[in-house]
Amino acid sequence: MTTATAPALPDVLLPGRLFIDGEWQDAESTETFEVINPALAEPCTEVAEADSADVDRAVRAARAAFESGPWPDMTPRNRGRLLWALAKRLEERKKEVALVETLNNGKPLFESGIDVNMTIETFEYYAGWTTKIEGATIPVSVPGQFAYTRHEPVGVVGAIVPWNFPLNLASWKVAPALAAGCTVVLKPASETPLTALLLADVAREVGVPDGVLNVVPGGGSTAGEALVKHPGVDKIAFTGSTAVGVRIAKTAADTVKRVSLELGGKSPNIVFADADLPAAVKGAIGGIFYGKGEVCAAGSRLFVESSAHDQVVDGVAAGTAKLTVGDPLEKSTRIGAIVSEKQMETVLGYIERGKEEGATVVAGGGRADIEPGYFVEPTVFDGVTNDMTIAQEEIFGPVLATITFDDVDEAIEQANASPYGLAAAVWTSDVKKAHYVAHRLKAGTVWINTYNLYDAANPFGGYKQSGYGRDLGKYALEQYTETKSVWVNLR
Ligand code: NAP
Ligand code: MG
């Protein structure tokens, strides 16, 4: 089977350039890098490659826009209207943006549509917050004094995001940052810079002032590191791997930057025998295979109560075998192309490791027979123990590890026996058990009898080595504001 040829990209991406101070600019070095369409394993365009000199230019533009010009003078109401306009324009360009996301990331078109919808929702949600970021009056006990707090924007935000939800995860940083009155320098992942550039284009179209949103595609160890080191950046908002998050936190410490980290996961999906098992089977399949498993919250460890083992594992294996892998532009496709050749090799390596360590493949098990792109069969392992590599390390691909358990506390203990703590799910029809388990799981999100639900109003983030800080909801605004205490002597 072969995939078709790709449709053309919008002109603004041919080639893609840096967006700094309201203008499309080349890199000072004039270097560019190729962007690959993973479904065809061929370049779809090239993009200017920022290095530290360009990052410096972007940070200066963001600093100038933060300190003076129209942005700090804009009323909260007008800032809200601008974010709303951005959401509306994105909605008008939704088809184009979703297509670009699919051509760059390899995910099926319907998933890119969901990503763009979530991005629109995120901008709409934070548009409503601009007029609601309130301080407090504080009942201090010092006689004759009046004290109050102001929640001021933290300043210039460096946002660094990964390749799995390139536009959507950018919006999780950019929307609350702009709502709070910050300015932003956004560095997308090297694999997927295109929709971040379209976001800049939309911001330009609706009149976001120059310098308020800058986008600098470039390497992590060059452009990314320059952003983290830059003394003109007040805060780094990062989503990506735990290894890079650790490095960023260390580097940012030199300038005492504020840091929030959304990192990896190895999320447990726990199915009790008293659950609605067909629903749990569906949830287990969607929980791991949505987004090709390149989802930080993917339910990559499936814990099944032993008395339900056969029904659940047979159901998951049969359902997985029916998932259509292939051209992400085809309507029937459920599993698109893995984002890059390197990531495909990583995933295939883990599949081999699972076989070597003695787990049993009950669905998939290797590269899909589709040329020329990077396609992997959705793979289900049974007979996994929690100490195996495929149960401990984040694979970030379509690979599920099934582990059997016998009682509630054993399930909780094993689920928590991971360095990660991003998300988890529990399937049961016993309401007491559901909450008991939900409260004891060390995870930033717990789904009960569902999986992979998100909402702009609901906070998302990790426990343990899945990071700190929360994206989304009112909680995210804390990441982008400083609290100032003001004392007034009334005597
Ligand atoms: P990654 O390698 O950590 O990269 C993430 C971003 O950091 C990219 O923009 C990358 O740039 C940049 N970067 C790399 N090294 C850097 C450095 N030294 N200084 C500053 N920036 C640097 O992650 P990825 O490979 O893109 O994505 C996969 C990982 O992200 C998985 O582990 C997954 O769990 C995690 N993730 C977590 C969440 C969440 O919400 N918790 C969401 C999605 C993904 P380059 O692309 O140029 O290397
Ligand atoms: Mg990377």
Side-chain angles (χ1 to χ4, degrees), residues 33-36 47 49-52 55 104-105 107 115 118 158-173 185-196 215-230 233 236-252 254 257 259-267 290-300 338-344 346-347 350 393-397 418-423 443-445 452 454 459-472 476:
F33 64 99
E34 280 186 337
V35 178
I36 306 294
V47 168
E49 181 172 6
D51 65 16
S52 56
V55 167
N104 194 173
N105 168 282
K107 64 176 73 188
D115 287 11
M118 177 87 198
I160 302 177
V161 295
W163 42 255
N164 57 342
F165 294 86
L167 177 69
N168 191 24
L169 291 178
S171 78
W172 289 17
K173 320 292 190 198
V185 178
L186 168 64
K187 195 210 83 69
S190 293
E191 291 87 348
T192 55
L194 300 184
T195 49
V215 181
V216 287
S221 55
T222 52
E225 190 115 358
L227 197 53
V228 177
K229 283 188 173 149
H230 203 295
V233 174
I236 294 290
F238 174 75
T239 298
S241 61
T242 295
V244 173
V246 167
R247 190 185 165 103
I248 284 177
K250 285 182 180 166
T251 306
D254 288 337
K257 281 187 182 62
V259 175
S260 51
L261 302 173
E262 300 278 1
L263 308 176
K266 193 73 191 175
S267 299
Y290 186 84
K292 314 160 251 168
E294 294 167 348
V295 178
C296 45
S300 50
I338 301 297
V339 70
S340 65
E341 185 170 18
K342 182 168 160 245
Q343 183 63 14
M344 179 182 70
T346 300
V347 173
Y350 276 113
E393 294 185 13
E394 183 178 49
I395 298 174
F396 226 56
S418 161
Y420 295 113
L422 191 57
T445 294
N452 260 345
Y454 303 88
F460 183 80
Y463 279 37
K464 299 192 279 182
Q465 291 184 31
S466 291
Y468 44 75
R470 292 292 177 270
D471 282 330
L472 301 180

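Positions are given from 1 along the sequence. In listed order, ligands and their atoms are each counted from 1.
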Answer yes if a protein heavy atom lies under 4.0 Å from atom 4 (O) of ligand 1, otherwise answer no.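 Within 4.0 Å: no protein heavy atom nearby.
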
Indicate, as side chain, backbone, both or neither, the part of [X] found under 4.0 angstrom from ligand 1 when only non-hydrogen atoms are considered.
X	result
Pro188	backbone
Phe396	side chain
Thr251	neither
Phe238	side chain
Glu294	neither
Thr239	both

Could you tell me whether [X] and ligand 1 have an N or O pair separated by under 3.5 Å?
X	answer
Thr242	no
Ser241	yes
Val161	yes
Lys187	yes

Which residue owns the protein heavy atom closest to [atom], what's the atom, and how far is it?
atom	value
atom 27 (O) of ligand 1	Pro162 CB, 3.4 Å
atom 41 (N) of ligand 1	Leu263 O, 2.4 Å
atom 25 (O) of ligand 1	Trp163 NE1, 2.9 Å
atom 43 (C) of ligand 1	Asn164 ND2, 2.9 Å
atom 47 (O) of ligand 1	Ser190 OG, 2.4 Å

Between [X] and [Y] (side chain of the first, backbone of the second, donor and acceptor by atom type, cut-off under 3.5 Å), is there such a pair?
X	Y	answer
Asn105	Trp163	yes
Lys257	Thr251	no
Glu394	Gly265	yes

One should read off an interatomic distance between Leu263 CG and Lys464 NZ, to the nearest 0.5 angstrom, of 13.5 Å

Any atoms of ligand 1 less than 4.0 Å from a non-hydrogen atom of Arg247? List them with their elements.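 Taking each heavy atom of Arg247 in turn, ligand 1 has 18 (N) under 4.0 Å.
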
Check ligand 1 against Glu225 and write out every atom of the ligand that is under 4.0 Å from a heavy-atom position of the residue. 17 (C), 18 (N), 19 (N), 20 (C)

Whether Gly218 lies under 4.0 Å from ligand 1, heavy atom: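 Yes, Gly218 has a heavy atom closer than 4.0 Å to ligand 1.
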
Heavy-atom contact check, 4.0 Å cutoff: does Gly462 meet ligand 1?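 No, that is not the case, since the closest heavy atom of the residue is not under 4.0 Å from the ligand.
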
I'd like to check the ring-ring contact (aromatic ring centres under 6.0 Å, His included) partners of Tyr454; sequence neighbours left out, ordered by chain and number.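 Tyr454 satisfies ring-ring contact (aromatic ring centres under 6.0 Å, His included) with Trp447, Phe460 once adjacent residues are dropped.
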
Would you find more than 12 non-hydrogen atoms of other residues, nucleotides or ligands less than 6.0 Å from Gln465 atom CD?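 Counting neighbours around CD of Gln465, 12 or fewer heavy atoms of other residues, nucleotides or ligands fall under 6.0 Å, so no.
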
